[in-house]
Amino acid sequence: KNINNLIRYIKRGSRKHLAKAITLVESTLKKDQMAAENLLEKLKPNDNTIRIGITGVPGVGKSTFIESMGLKLIEKGFKVAVLAIDPSSKRTGGSILGDKTRMERLSVNMNAFIRPTPNDGHLGGVAKKTGETILCLEEFGFNIIFVETMGVGQAETAVYDMVDIFIVLLLPSGGDELQGIKKGIIEIADLIIVNKADNELKKSAEKTRLDYRNALQIIGRSRANEIADVLMCSSLHSIGFEEIWDNVKKFIEKRKINERFYQTRDSQMLKRMWNIISHKTNEYIDKDLSIKPFVRKIIDEIKNNNLSIYRASKIIFQYISKKSIDI
């Protein structure tokens with residue numbers, strides 16, 4: 001009953017209830033997780049939204065880019081949500097929880113919603129529950145969802161696997177190196193944009209664009225089976241965003257016509273299912289299985305060199321998969 005009320009308030013446009021739903025989805029408490037599953041089961045997929053992944057090295061201007069593009073899209077009548085992944089892992093340090101203050105104009109706009117999300121050290125520069133949070137935002141009525149990632153060259157395929165278009169932002173430079181971004185991230189880019197193409201950096205931006213256009217001829221094709229385009233923009237002066245939006249629209253329209261958009265959404269949904277299974281399995285192993293007396297006994301046997309870790313893992317796996325155990 002409470003969950004039905006929560007959904008009803010979300011559909012009516014209550015930001016307080018939307019924030020409550022996202023907090024529920026992100027919670028690690030068992031009772032919250034059960035409530036979140038109940039909530040998510042009731043949310044219908046929406047193929048009329050556009051999910052946009054944004055990555056790039058720190059300092060490339062991701063927040064300024066999202067704010068400029070977000071404001072342009074709101075002018076066109078869209079509702080824009082931003083999920084900014086906070087690098088809370090020990091390895092990367094730092095935090096982008098200040099994104100709300102950096103996107104000052106966007107954060108106060110009634111047709112925008114900005115949510116910093118801790119990534120809990122999760123690889124791929126994306127929070128474990130980002131996919132579920134997207135569903136809550138779409139239920140509320142946001143039709144453009146930006147997922148801003150850390151951009152530190154981690155395995156950002158996790159982001160790629162939950163968005164409709166994956167954009168890589170670059171700084172104007174000689175273009176001789178991949179600017180701290182791994183070649184693999186350039187390979188999965190659906191669109192590359194050279195940001196900060198203004199004032200004295202404009203010539204340098206043009207050279208970077210040309211260099212990357214040439215490099216992409218060698219690297220190969222994006223998920224749209226086309227060579228990714230390389231565009232330029234100035235987030236500071238809001239220049240180049242009409243061309244960027246036209247490119248995004250064409251990309252999505254083409255993929256809808258050839259059905260690949262829907263196929264990708266389906267495969268992303270299945271990936272999320274397997275991630276949930278993996279997460280539940282790991283939780284069961286950590287919290288329940290490891291304290292069982294027979295597992296404790298096996299661990300003692302390993303320590304006393306009476307049992308190999310390979311034999312032990314086979315016994316434990318057989319137990320998990322409910323197969324007969326032959327010790």
Side-chain angles (χ1 to χ4, degrees), residues 3 6-7 10 18-55 81-89 113 115-150 154-167 184-185 188 190 223-224 252 255-256 259-287:
I3 294 298
L6 188 60
I7 293 169
I10 288 169
L18 172 63
K20 200 175 171 183
I22 295 171
T23 303
L24 202 63
V25 162
E26 289 176 350
S27 174
T28 53
L29 298 174
K30 205 130 196 150
K31 66 177 178 68
D32 287 349
Q33 285 180 351
M34 284 165 74
E37 278 181 21
N38 192 4
L39 166 73
L40 293 162
E41 268 177 31
K42 290 174 163 53
L43 303 184
K44 301 272 189 295
N46 184 350
D47 288 336
N48 295 316
T49 61
I50 300 177
R51 303 165 185 174
I52 304 172
I54 305 279
T55 194
V82 183
L83 293 176
I85 309 303
D86 164 35
S88 56
S89 71
F113 182 89
R115 175 86 178 194
T117 312
N119 82 324
D120 297 327
H122 190 62
L123 274 177
V126 64
K128 270 185 278 194
K129 301 293 174 68
T130 306
E132 281 72 16
T133 305
I134 288 170
L135 296 178
C136 295
L137 293 166
E138 290 175 345
E139 189 72 21
F140 184 91
F142 290 104
N143 34 29
I144 308 278
I145 320 277
F146 286 100
V147 183
E148 178 193 353
T149 78
M150 292 181 280
Q154 284 178 293
E156 297 208 48
T157 47
V159 189
Y160 176 83
D161 283 337
M162 61 175 64
V163 296
D164 305 312
I165 181 163
F166 186 66
I167 298 174
I185 292 175
I188 60 171
D190 297 311
R223 70 173 124 199
I252 299 295
R255 283 177 62 75
K256 281 190 170 181
E259 298 283 313
R260 289 214 177 103
F261 176 91
Y262 308 104
Q263 288 162 11
T264 300
R265 285 262 176 124
D266 286 347
S267 74
Q268 287 173 352
M269 194 164 53
L270 291 173
K271 264 185 183 144
R272 217 163 54 241
M273 181 194 76
W274 286 113
N275 285 340
I276 292 164
I277 292 167
S278 174
H279 181 64
K280 282 181 180 293
T281 306
N282 289 335
E283 212 171 46
Y284 167 71
I285 290 166
D286 291 343
K287 291 180 181 171

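- With sequence neighbours excluded, the residues forming a side chain to side chain contact (heavy atoms under 4.5 Å, CB included) with Met269 are Asp266, Arg272, listed by chain and number.
- In this structure, Ser278 contributes its side chain and Trp274 its backbone to no donor-acceptor pair below 3.5 Å.
- Between the CZ atom in Phe146 and the CD1 atom in Ile134 there is a gap of 12.5 Å [rounded to 0.5 Å].
- Residues satisfying the side chain to side chain contact (heavy atoms under 4.5 Å, CB included) test with Lys20, not counting sequence neighbours, are Leu6.
- Listed by chain and residue number, Leu29, Asp32 satisfy the side chain to side chain contact (heavy atoms under 4.5 Å, CB included) test with Ser27 (two or more places apart in sequence, or in another chain).
- Atoms CG and CD1, from Leu83 and Ile54 in turn, are 12.0 Å apart once rounded to the nearest 0.5 Å.
- Between Val25 and Leu135 there is no side-chain heavy-atom pair separated by less than 4.5 Å.
- Heavy-atom minimum distance, Ile3 versus Ala35: CD1-O, 3.5 Å.
- Contact check for Thr55 versus Ile188: no side-chain heavy atoms found under the 4.5 Å cut-off.
- Scored by the salt bridge (charged side-chain N to carboxylate O under 4.0 Å, His left out) test, Lys287 finds Glu283 as partners (sequence neighbours excluded).
- Residues Glu132 and Ile276 form a side-chain contact, since some pair of their non-hydrogen atoms from C-beta on lies under 4.5 Å apart.
- The distance from the CD atom of Gln263 to the CZ atom of Arg255 is 8.5 Å, given to the nearest 0.5 Å.
- Within the model, atoms CE of Met162 and CD1 of Ile145 stand 12.5 Å from one another, a figure rounded to the nearest 0.5 Å.
- Atom OG1 of Thr264 is separated from atom CD1 of Ile165 by 12.0 Å, given to the nearest 0.5 angstrom.
- Contacts of Phe140 classified as ring-ring contact (aromatic ring centres under 6.0 Å, His included), with partners at least two apart in sequence or in another chain: Phe142.
- In this structure, the side chain of Glu26 does not engage the main chain of Lys129 through any donor-acceptor pair within 3.5 Å.
- Taking each heavy atom of Gly53 and Val159 in turn, the nearest pair found is CA-CG1, 4.3 Å.
- Counting all heavy atoms, side chain and backbone alike, Ile22 lies closest to Cys136 at CG1-CB, 4.2 Å.
- By the 4.5 Å heavy-atom criterion applied to side chains, Asn38 and Met34 are not counted as neighbours.
- Not counting sequence neighbours, the partners of Asn48 by the side chain to side chain contact (heavy atoms under 4.5 Å, CB included) test are Asn46, Lys256.
- Sorted by first then second residue, the salt bridge (charged side-chain N to carboxylate O under 4.0 Å, His left out) pairs that include residues 33-43, not counting sequence neighbours, are Glu37-Lys280.
- Remark: Arg265 engages Asp47, Asp164 in a salt bridge (charged side-chain N to carboxylate O under 4.0 Å, His left out) (not counting sequence neighbours).
- No side-chain donor from either of Thr133 and Arg115 sits under 3.5 Å from a side-chain acceptor of the other.
- Gln33 meets the side-chain hydrogen bond (donor to acceptor under 3.5 Å, both in side chains) test with no other residue; sequence neighbours excluded.
- Every residue two or more places apart in sequence or in another chain was checked for a side-chain hydrogen bond (donor to acceptor under 3.5 Å, both in side chains) with Thr281, and none qualifies.
- In this structure, Thr149 OG1 and Phe166 CZ are separated by 6.0 Å, a value rounded to the nearest 0.5 Å.
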